[in-house]
Q: 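Sharing a structure with you now.
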Amino acid sequence: MQLSRIRTGDNPRRYFDRRKHEELVASIERRGVLQPILLRPKDGEFVLVAGERRYRAALEVYGPDGHVPVVIREMTDQEALEAAIDENDIRDDASETEQADAAVRILASCHNDRAEAAGRLGWSRAKLDRRLALAELSGSVKCALDERRIKIGHAELLAAVPGDKQDKALETILASGLDVAKTRDLLMRVTQNLASASFDKTECTTCPFNSGAQRALFETHIEDGYCTNPGCFQLKTEAAEVIRFEEQERAEKAARAASAPVPGNTEDAEQDDGAGQSSPSLDIGEPPTGDGNGTATSRPAGGAPKVSTAASGQKAAVTAKSVASRTSDLREANWRTAVARALAGNAAHAQAAILVAAMSGTLPQIKADTLRARAGLLVAATFPDLDYGAKIAAIRALPEPQASTVLSAIGAAYARDVSTFGYVADLARAFDVDLRDVWQVDQAFLERFTKDELKFIAQECGLISHMGEKAFARLLGSKKPDLIAGMLNRTGFDWAGRLPGAMTLDGQYGPPPDRPSAQVEAPIPDLAA
């Protein structure tokens, strides 16, 4: 067939070695084209399927009017692609990146079924996985490997580096003439040890930038347990530090508020020295036995336990609402932290929160400096200095994972800054946020309360049921510090997972997940309303 009638097809090969091309040209000049070129008819033309190296060499020897032997076969696009891949592997090994790009196309045609794709290609599953990992290399790195300016070991190491950093690393390798071993040592110096990370590493276990994932794929890799994406590592570390600082700041604020004297409340001073005890032998939760002239414990019909007062009114009644009033600042601070963490870890939830905030007009409540101060870390170091148009371009150019991280940061900032706590509570309910992830009963919490209030908490959390009423009554008669220590360190009783009603959003005690509880059955008013 005349060469001018042949149209080149969709060959996975990008790089044609010049030396081998010249050798083939010399061979054709001496002996002609000995092996037919494979073509297929398509849209009234003959499209090249296999034999592009022979076609190029023959075109150089004979010109467009020359003739070459051909085989014409009816083939679909998919069959032609698979034949071209096979021809490249058999005739003259395609580069690893050419195989990678071809594998991506085959995998797409197999609806991401890797077993089927490996079978079609005649590869092992391990080879397919390695080639697909190399598909993430930048164009410059692929070209360098195609042209054999770097080795496959270099490419495997660079595959573990974020795409926007690969070209700069390639320049260093080529300029300094680094071999694979030195490249690995250099990469080790800029990675981060995951063991020292201060943030939650759950997402890291499946991240492609975790060196453990590279070890499973490639012969050339860095040591296990390292992050090769320093930007992401720094961002997560910064976010964890911000949360830690804010928790500390709120805890200190809560401690200062707790230490301030409560007007008209002298009960703690009286109880700490053992005087004025509130009937420690009284059975909690039993019907009242007094005649109305002394203190008794009662449970209103369908209501939460509360300590009623004598007609003289010397002591205030202890109710779920009065106990909760001691913790409003602590409850709000910790729920804000819990919701911020939840949104920081879920871009889809963060996006929903941002859209609701925008549509409700509350998005501007995010403090101006909250995100502006972190823009260099969230987007790029140069971002704060760009003009507005350039910032638009930079945001549009963000890769999907980084854009998700930015969304998450905005959602977390909203949870921390929005002025109405009820909105934070609604977000917590919508996204099933669990306060247990960031808070549990401790000494600082219990020190906020009077002895009667501690008795209320012990009742709703099941401690009295665990100890027995008489044993708790004896404990209640001790000094307040000893009472708190006895409550926290009671043998066989675990506070983990128990949320007193004073810390929940609806005032209802939260029992440990999947455990029996002494939950109060009475409805308690919504404290977040």
Q: Are R114 and D129 ion-paired here, with the side-chain N under 4.0 Å from a carboxylate O?
A: yes

Q: Is the backbone of D494 close enough, under 3.5 Å, to the side chain of R498 for a donor and an acceptor to pair up by distance?
A: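 Checking the backbone N and O of D494 against the side chain of R498, a donor-acceptor pair under 3.5 Å is found.
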
Q: Can you tell me how far apart CG (D167) and CG (L137) are? Round to the nearest 0.5 Å.
A: 10.0 Å

Q: In Å and rounded to the nearest 0.5 Å, what is the CG to CD distance from L39 to E45?
A: 11.5 Å

Q: Between E116 and R120, does any NZ, NE, NH1 or NH2 come within less than 4.0 Å of an OD or OE carboxylate oxygen?
A: yes

Q: Evaluate the side-chain proximity of P36 to V71: yes if any heavy-atom separation is below 4.5 Å, no if none is.
A: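 Of all side-chain heavy-atom pairs linking P36 with V71, at least one is under 4.5 Å.
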
Q: Run the side-chain contact (heavy atoms from CB on, under 4.5 Å) check on I28 and Y62 step by step: do they pass?
A: CA-CA 9 Å; I28 291 176; Y62 303 131; 3.6 Å; yes

Q: Taking side chain to side chain contact (heavy atoms under 4.5 Å, CB included) as the test, write out the residues that go with S124, two or more places apart.
A: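 Checked S124 against side chain to side chain contact (heavy atoms under 4.5 Å, CB included); matches are A126, K127.
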
Q: Is there a salt bridge (Lys or Arg N to Asp or Glu O under 4.0 Å) between R56 and E60 once you walk through the steps?
A: CA-CA 6 Å; R56 288 175 176 242; E60 185 171 326; over 6 Å; no

Q: Could you grab the distance from atom CG of L398 to atom CZ of F383, nearest 0.5 Å is fine?
A: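 One finds 8.0 Å between CG of L398 and CZ of F383.
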
Q: May I ask you to test the Y423-V339 pair for a side-chain heavy-atom distance under 4.5 Å?
A: no

Q: Please confirm whether the backbone N or O of M75 pairs with a side-chain atom of R40, one donor and one acceptor, at under 3.5 Å?
A: yes

Q: In this structure, are over 12 heavy atoms from other groups packed under 6.0 Å from R5 atom CZ?
A: no

Q: Going through the distances and angles, do E400 and S404 end up as a side-chain contact (heavy atoms from CB on, under 4.5 Å)?
A: CA-CA 6 Å; E400 183 60 30; S404 295; 3.4 Å; yes

Q: Can you name the nearest heavy-atom pair linking A390 to D387, along with the distance?
A: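 That closest heavy-atom pairing would be N-OD1, 2.7 Å.
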
Q: List the steps and the verdict of side-chain contact (heavy atoms from CB on, under 4.5 Å) for Q2 and D65.
A: CA-CA 6 Å; Q2 192 173 14; D65 294 330; 3.1 Å; yes

Q: Give a yes or no on whether the backbone of L407 and the side-chain of Q351 come within a donor-acceptor separation of less than 3.5 Å.
A: no

Q: With the side chain counted from C-beta on, respond yes when T172 and L178 share a heavy-atom pair under 4.5 Å apart, and no when they do not.
A: yes

Q: Kindly say whether S138 contributes a backbone atom to a donor-acceptor pair with the side chain of Q166 at under 3.5 angstrom?
A: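 At least one qualifying donor-acceptor pair exists.
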
Q: Should L343 and S408 count as side-chain neighbours, where that means a heavy-atom distance under 4.5 Å?
A: no

Q: Output all residues satisfying side-chain hydrogen bond (donor to acceptor under 3.5 Å, both in side chains) with E171, sequence neighbours left out; order by chain, then residue number.
A: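 Residues passing side-chain hydrogen bond (donor to acceptor under 3.5 Å, both in side chains) with E171: none at all.
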
Q: So do the side chains of V68 and I6 get within less than 4.5 Å of each other, counting heavy atoms only?
A: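 Side chain of V68 against side chain of I6, heavy atoms only: contact under 4.5 Å found.
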
Q: Does the side chain of P384 come within less than 4.5 Å of R372's, by heavy atoms?
A: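 The answer is no; the side chains never approach within 4.5 Å.
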
Q: So F445 and W439, would you call those rings parallel, tilted or perpendicular, with 30° and 60° as cut-offs?
A: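 F445 and W439: perpendicular rings.
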
Q: Taking T327 for its side chain and R331 for its backbone only, find out whether a donor-acceptor pair lies under 3.5 Å.
A: no

Q: Would you say the side-chain atoms of D434 pair up with the backbone N or O of D437, donor to acceptor, closer than 3.5 Å?
A: no

Q: Are any side-chain N or O atoms of N346 and backbone N or O atoms of A342, one a donor and one an acceptor, separated by less than 3.5 Å?
A: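 It does not hold such a pair.
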
Q: Judged by atom type as modelled, is there a donor-acceptor pair below 3.5 Å linking the side chain of Q365 to the main-chain atoms of S419?
A: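 At least one qualifying donor-acceptor pair exists.
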
Q: Decide side-chain contact (heavy atoms from CB on, under 4.5 Å) for D442 and W495; before the verdict, give the C-alpha distance in whole Å, the side-chain angles of both, and the deciding distance to 0.1 Å.
A: CA-CA 9 Å; D442 59 12; W495 284 95; over 6 Å; no

Q: Looking at D77 and K42, is any side-chain nitrogen of the basic one under 4.0 Å from a carboxylate oxygen of the acidic one?
A: yes

Q: Is there side-chain contact between I72 and M1, with at least one heavy-atom pair below 4.5 Å?
A: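 With C-beta onward as the side chain, the pair touches.
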
Q: Taking side chain as C-beta onward, heavy atoms only, is R149 less than 4.5 Å from C143?
A: yes

Q: In Å and rounded to the nearest 0.5 Å, what is the SG to CG distance from C110 to L128?
A: 9.0 Å

Q: Closer than 3.5 angstrom, by distance alone: can the side chain of H154 be matched with the main-chain N or O of V141 as a donor-acceptor pair?
A: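 The answer is no, because no donor-acceptor pair under 3.5 Å joins these two groups.
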
Q: Does a salt bridge link K182 with D179, judged by any charged N lying under 4.0 Å from a carboxylate O?
A: no

Q: Counting only heavy atoms from other residues, nucleotides and ligands, does the tally under 6.0 Å from NZ of K151 exceed 12?
A: no

Q: Could you grab the distance from atom OG of S4 to atom CG of L59, nearest 0.5 Å is fine?
A: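 Between atom OG of S4 and atom CG of L59 there are 9.5 Å.
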
Q: Taking atom types as modelled, find out whether T362 and Y414 have a side-chain donor-acceptor pair closer than 3.5 angstrom.
A: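 Present: a donor and an acceptor within the cut-off.
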
Q: Determine whether a donor-acceptor pair (N or O, by modelled atom type, separation under 3.5 Å) exists between the side chain of S176 and the backbone of I173.
A: no

